[in-house]
Amino acid sequence: MKREIKPDIYAVGAIDWDRKLFDELIPLPDGTSYNSYLIMGNEKTALIDTVDPNKTHELIKNLEESEKDIDYVIAHHAEQDHSGSIPEVLKRYPDAKVVSTPKCKTMLVDLLHIPEDKFMEVNDGDTISLGNKTLEFIHAPWVHWPETMLTYLREDKILFTCDFLGSHLATGKLFVEDEGMVYEAAKRYYAEIMMPFRTAIRKNLEKIKDLEIEMIAPSHGPIYRNPEFIINAYREWVSDDVKNEVVLAYVSMHGSTAAMVDYLINALMKKGVGVKPFNLTVSDIGELAMALVDAATIVIASPTVLAGAHPSAIYAAYLANALRPKTKFASIIGSYGWGGKMDEQIAGMIKNLGVELIEPVIIKGYPREDDFKLLDKLADEIKKRHEKTVGRGK
Ligand code: FEO
């Protein structure tokens, strides 16, 4: 079903209510949508992004409702959830040109085998006139691939942002109504997809700051009629400010590490430090990623298995390292039976974080009184470092 956003501007994408995993990796508890937009000028018509290949039939049906030829397919991003239906669109509309950055063109040629003569490359700041409507292209690399761009529809003051500022959220609402719900979905999206590119995102936020924007239309999730809501959320997430919180990612085999974790949780709470524990055997990695967006400290807790860390702790360390949150401090706690280098292994895996490592607490067997004292000391140290850092953007 095609839905009107403003006169001559329609949402023609698809809602994927059932999708629960992206990239065979990222949990999507709330499904997602692949938004595509049809803009009909009085001379030309443009389609902004397409949909995931498994929803091509829905896009085509929606386009057929308009009975308009398509002159331009704007490809903001080469990833297949937005580009995958372009070949089918080109079959239906053989005169259409694919408008993209030069980098996106090379990627679409490689990924979808679209012939080179189908493309129109655009540079940063270029425009295309649809008659009474003007599309202005804004190169915005690394949100989250290198080829990405945005489109600003000048007359209607709509910014089309593809993945940027979007949310994995399947909803029948075309526009954001419940900002609290969308905030959570957008934060999860940022954490899982955008966080490693925090510096690039800052630059891109700067690039759009002087645009007069009435609406932000991403290619996932509902449209923002209050653009400041999502722009301010992003500003906060990409800033250097951290919260007085510890993300405690743990796994325990026989209860020794779990006893340390329980003790540390209480010690931190007593000192007024927020703590978010994640039992890695049952946790949603998306929630772990969200917690990492603004926590000051990460503590990884693991038993020792075959002289190293438990594979679940390795996975958490790998994930945190890859997502590059703005976390400032880290520590490692855990227990061993007869030896091993679990803490060195984990510390070696989180180099990307650039954190200050607080002295790990590694003990033999089940924790004794002296071991709990070491955990008190760790909680003290975390509190002290937070007091010097939280709210200071350092
Ligand atoms: Fe929604 Fe990067 O694709």
Side-chain angles (χ1 to χ4, degrees), residues 11-37 47-56 58-59 73-89 98-101 103-112 114 137-151 159-171 176 182 185-201 204-205 216-224 230 234 237-238 285-286 289-290 322-324:
V12 290
I15 303 170
D16 201 339
W17 303 95
D18 295 332
R19 189 154 185 181
K20 294 297 173 213
L21 202 59
F22 201 88
D23 293 344
E24 303 301 332
L25 171 69
I26 296 165
L28 305 183
D30 305 312
T32 192
S33 64
Y34 317 109
N35 304 342
S36 176
Y37 301 98
L47 179 67
I48 303 248
D49 290 327
T50 67
V51 300
D52 191 87
N54 73 358
K55 292 286 180 184
T56 301
E58 289 187 31
L59 172 67
V73 179
I74 314 301
H76 284 137
H77 176 28
E79 194 164 12
Q80 291 88 335
D81 53 326
H82 309 290
S83 67
S85 305
I86 294 176
E88 192 57 35
V89 169
V98 179
V99 178
S100 74
T101 63
K103 180 82 180 166
C104 188
K105 173 184 167 182
T106 65
M107 293 176 78
L108 287 171
V109 168
D110 289 340
L111 294 172
L112 299 173
I114 297 172
F137 304 105
I138 301 165
H139 284 204
W142 292 111
V143 290
H144 58 125
W145 282 13
E147 83 299 5
T148 42
M149 73 170 186
L150 322 172
T151 298
L159 184 65
F160 296 91
T161 56
C162 198
D163 280 347
F164 188 33
L165 311 173
S167 60
H168 279 313
L169 181 61
T171 168
V176 173
V182 176
K187 187 172 186 183
R188 176 184 275 267
Y189 189 85
Y190 168 82
E192 293 169 336
I193 312 280
M194 297 292 169
M195 190 154 63
F197 308 99
R198 197 162 64 92
T199 311
I201 289 170
N204 289 319
L205 282 174
I216 288 177
S219 294
H220 293 294
I223 298 168
Y224 305 92
I230 191 65
Y234 259 69
W237 299 333
V238 301
I285 59 163
M290 279 172 81
L323 292 176
R324 296 170 181 254

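Because the structure is predicted, anything quoted here is derived from the model rather than measured. Heads up: numbering here begins at 1 and tracks the sequence. First listed ligand is number 1; within each ligand, the first listed atom is number 1.
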Please report the shortest heavy-atom distance between Cys104 and Ala75, naming the atom on each side.
-> SG-O, 3.8 Å

Would you please classify the geometry between the His77 ring and the His82 ring as parallel, tilted or perpendicular, with 30° and 60° separating the classes?
->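 If you compare the ring of His82 with that of His77, the planes turn out tilted.
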
Just checking: [X], one of its N/O/S atoms, less than 2.8 Å away from atom 1 (Fe) of ligand 1, yes or no?
| X | value |
| --- | --- |
| His220 | yes |
| Glu79 | no |
| Cys162 | no |

Considering the options Val99, Val73, Thr151, Val12, which one meets the side-chain contact (heavy atoms from CB on, under 4.5 Å) requirement together with Ile48?
->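 The passing option is Thr151.
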
Quickly, which of Val182, Leu169, Thr171 forms a side-chain contact (heavy atoms from CB on, under 4.5 Å) with Val176? Name it, please.
->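 The residue from Val182, Leu169, Thr171 that satisfies side-chain contact (heavy atoms from CB on, under 4.5 Å) with Val176 turns out to be Val182.
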
Shortest-distance N/O/S atom, Asp163 versus atom 2 (Fe) of ligand 1 |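 Looking only at N, O and S atoms of Asp163, the one nearest atom 2 (Fe) of ligand 1 is named OD2.
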
Can you tell me, to 10 degrees, how wide the angle at atom 1 (Fe) of ligand 1 is between OD2 on Asp81 and NE2 on His82?
->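 The OD2/NE2 angle about atom 1 (Fe) of ligand 1 sits at 90°.
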
Donor-acceptor side-chain pairing of Asp30 and His168 below 3.5 angstrom | no

N/O/S atom of His144 under 2.8 Å from atom 2 (Fe) of ligand 1, yes or no?
->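 Yes, His144 qualifies, because one of its backbone or side-chain N, O or S atoms lies under 2.8 Å.
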
